[in-house]
There are 2 protein chains.
Amino acid sequence: MKLEILTRNEHKELHNLIIANIRDLINRKNLEPGDKLPSERMLSERFEVSRSNVREAIQKLEFYGILKSKPQSGTFVADIGQVAMNGMMNDILALEDPDFKSLVETRILLELKTVKLAAKRRTDSDLERMKAALEAYKVKVLNNEDAVQEDLLFHLAIAQACGNSTINRMMLIITPEIINNFEKYHVCDKNQSQKRLKEHQDIFKAIKEQNTQKAKQMMKDHFVELYKYCYNI
Amino acid sequence: MKLEILTRNEHKELHNLIIANIRDLINRKNLEPGDKLPSERMLSERFEVSRSNVREAIQKLEFYGILKSKPQSGTFVADIGQVAMNGMMNDILALEDPDFKSLVETRILLELKTVKLAAKRRTDSDLERMKAALEAYKVKVLNNEDAVQEDLLFHLAIAQACGNSTINRMMLIITPEIINNFEKYHVCDKNQSQKRLKEHQDIFKAIKEQNTQKAKQMMKDHFVELYKYCYNI
DNA sequence: TAAACCAATCTGGTTAACCAATTTTTTATT
DNA sequence: AATAAAAAATTGGTTAACCAGATTGGTTTA
């Protein structure tokens with residue numbers, strides 16, 4: 001067989017092709033939750049792709065909870081049912097790359113929640129972590145240095161304090177994408193950094209005082225600039 | 001070298017170990033954004049693990065946007081900066097498995113947003129997809145069959161119509177976990193299924209009419225039972 | 001001096017052979 | 001005939017050799 005190196009996009013296309021093939025196979029064979037898929041070797045032969053590509057596609061479907069691999073046993077359809085599996089696979093295949101607007105919209109949604117929850121649930125050690133992150137941010141700002149990272153890390157510290165591991169996970173997923181777009185579009189303006197620092201300090205204070213409403217309002221104010229920018233694209 | 005098969009948990013531990021090693025390496029060598037990591041072969045030798053394990057750990061960090069692999073070239077630290085990378089890696093390593101309460105809380109947060117956005121932005125083809133999902137749900141309910149999957153698929157159809165690919169992605173991530181917990185804790189009650197159908201129809205109607213406030217309120221009502229359950233655990 | 005070229009080397013990706021746990025089938029025993 | 005024990009086949013995971021594109025350093029050339 002000819003060996004071919006794929007670009008990142010071709011790679012994704014290949015994965016989607018394999019995923020679609022697996023979906024069709026499950027439908028044709030009427031596999032139900034808990035049923036076993038054909039082995040990786042058979043799938044790779046059947047779809048005429050390498051076994052490692054099949055493994056990668058299966059890994060992706062495992063991430064979305066649709067399949068489960070058991071060592072030395074097989075790959076199984078998860079307990080989510082055939083209909084749900086079909087719908088979700090189609091959804092996954094239709095998933096496009098996130099645009100900046102979608103990222104910002106999601107970030108604001110998540111953070112207005114995390115800040116409220118953090119104000120309610122923060123422990124003393126949470127406070128310490130947040131304070132440390134805030135201090136690091138402060139130092140950079142006062143030295144008039146770029147502080148995008150420290151900015152975001154303070155927000156991640158809030159997410160960590162919100163006591164919801166799922167929301168925290170989602171903040172982790174979007175943060176690097178946010179950072180990249182920040183730098184790409186030069187969202188952050190150094191002239192405003194003093195103001196931003198003040199806002200961060202206000203947020204921290206509200207969380208410390210466990211004033212949920214104030215915390216949310218401070219975060220909202222903090223996002224106003226971003227909002228504006230987002231709707232101007 | 002001795003070959004050893006790992007359980008799922010040991011596997012995760014190994015990944016975390018490698019991730020921690022990579023973090024320490026980046027710190028020790030003071031690698032900055034865009035810098036190249038040592039090759040996979042060198043890392044595997046240095047950490048005394050297999051190259052495929054290194055590749056899997058790198059893949060995970062790629063998913064979180066911390067590293068970028070370029071074919072035939074190398075693996076690079078993403079443009080998020082050293083400080084952010086450190087903080088995020090620590091966060092990732094500290095990430096625990098989601099509990100049901102965290103899942104439900106997140107689901108409600110996301111869906112109260114998706115339903116509002118869907119009411120505002122839904123296209124005609126979105127409406128058709130949602131109507132189809134709703135019909136499938138209706139058939140199951142009227143036949144008094146289990147309809148958890150069709151239920152969730154309707155919600156996913158709403159997410160798809162919300163015009164925000166990031167939120168849609170997150171709904172896809174949590175849905176299988178939600179389904180599993182639904183079935184584990186028997187959250188769904190068949191006696192209430194008629195009521196649930198009515199609620200779904202109300203939501204659909206509100207989205208069709210593009211009445212955002214009503215759509216959100218209907219969704220809120222729909223979640224009341226879940227709320228109760230969630231806070232009773 | 002600097003630009004262009006070329007070959008040696010290094011890289012992530014791919015493949016195929018191999019491993020050990022598991023599952024299935026066969027055989028042996030009661 | 002039923003059960004237990006053993007062997008064969010199957011599985012996902014692992015390893016190591018290999019591939020082709022990218023990089024690099026030195027050499028040649030304008």
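Letters go in sequence order (proteins before strands), and every chain restarts at 1.
- Separating the CZ atom of B:Phe76 from the C1' atom of D:dA22 is a distance of 10 Å, rounded to the nearest angstrom.
- A donor and an acceptor atom never sit less than 3.5 Å apart when one is taken from the side chain of B:Gln72 and the other from the base of D:dG21.
- Across the protein-nucleic acid pair, B:Glu40 atom CD and D:dA17 atom C1' stand 15 Å apart, rounded to whole Å.
- Ring pair B:His222/B:His200 is perpendicular by interplanar angle, where above 60° counts as perpendicular and below 30° as parallel.
- Under 4.0 angstrom from either OP1 or OP2 of D:dT11 there lies at least one side-chain N or O belonging to A:Ser39.
- Rounded to whole angstrom, the span from the CD atom of B:Glu48 across to the P atom of D:dT14 amounts to 17 Å.
- Between D:dG13 and B:Ser52, no contact under 4.0 Å exists linking OP1 or OP2 to a side-chain N or O.
- Here B:Met170 contributes atom CE and B:Thr114 contributes atom OG1; the two are 13.0 Å apart, rounded to the nearest 0.5 Å.
- Heavy-atom distances to DNA chain D give each of B:Lys36 and B:Arg41 a nearest nucleotide, and the one nearer the 5′ end belongs to B:Arg41.
- Taking side-chain N and O atoms only, A:Ser50 has a distance below 4.0 Å to OP1 or OP2 of C:dT15.
- Put simply, CG on B:Leu109 and CG on A:Leu112 are 9.5 Å apart, with the number rounded to the nearest 0.5 Å.
- When rounded to the nearest whole Å, the span between CZ of B:Arg51 and P of C:dT15 equals 14 Å.
- Here B:Glu40 pairs with B:Arg55 in a salt bridge; the nearest charged N to carboxylate O distance falls below 4.0 Å.
- Residue B:Arg55 places no side-chain atom within donor-acceptor reach of the base of C:dG12, judged by atom type and a 3.5 Å distance cut-off alone.
- For B:Ser73 and C:dC10, the shortest distance from a side-chain N or O to OP1 or OP2 is not below 4.0 Å.
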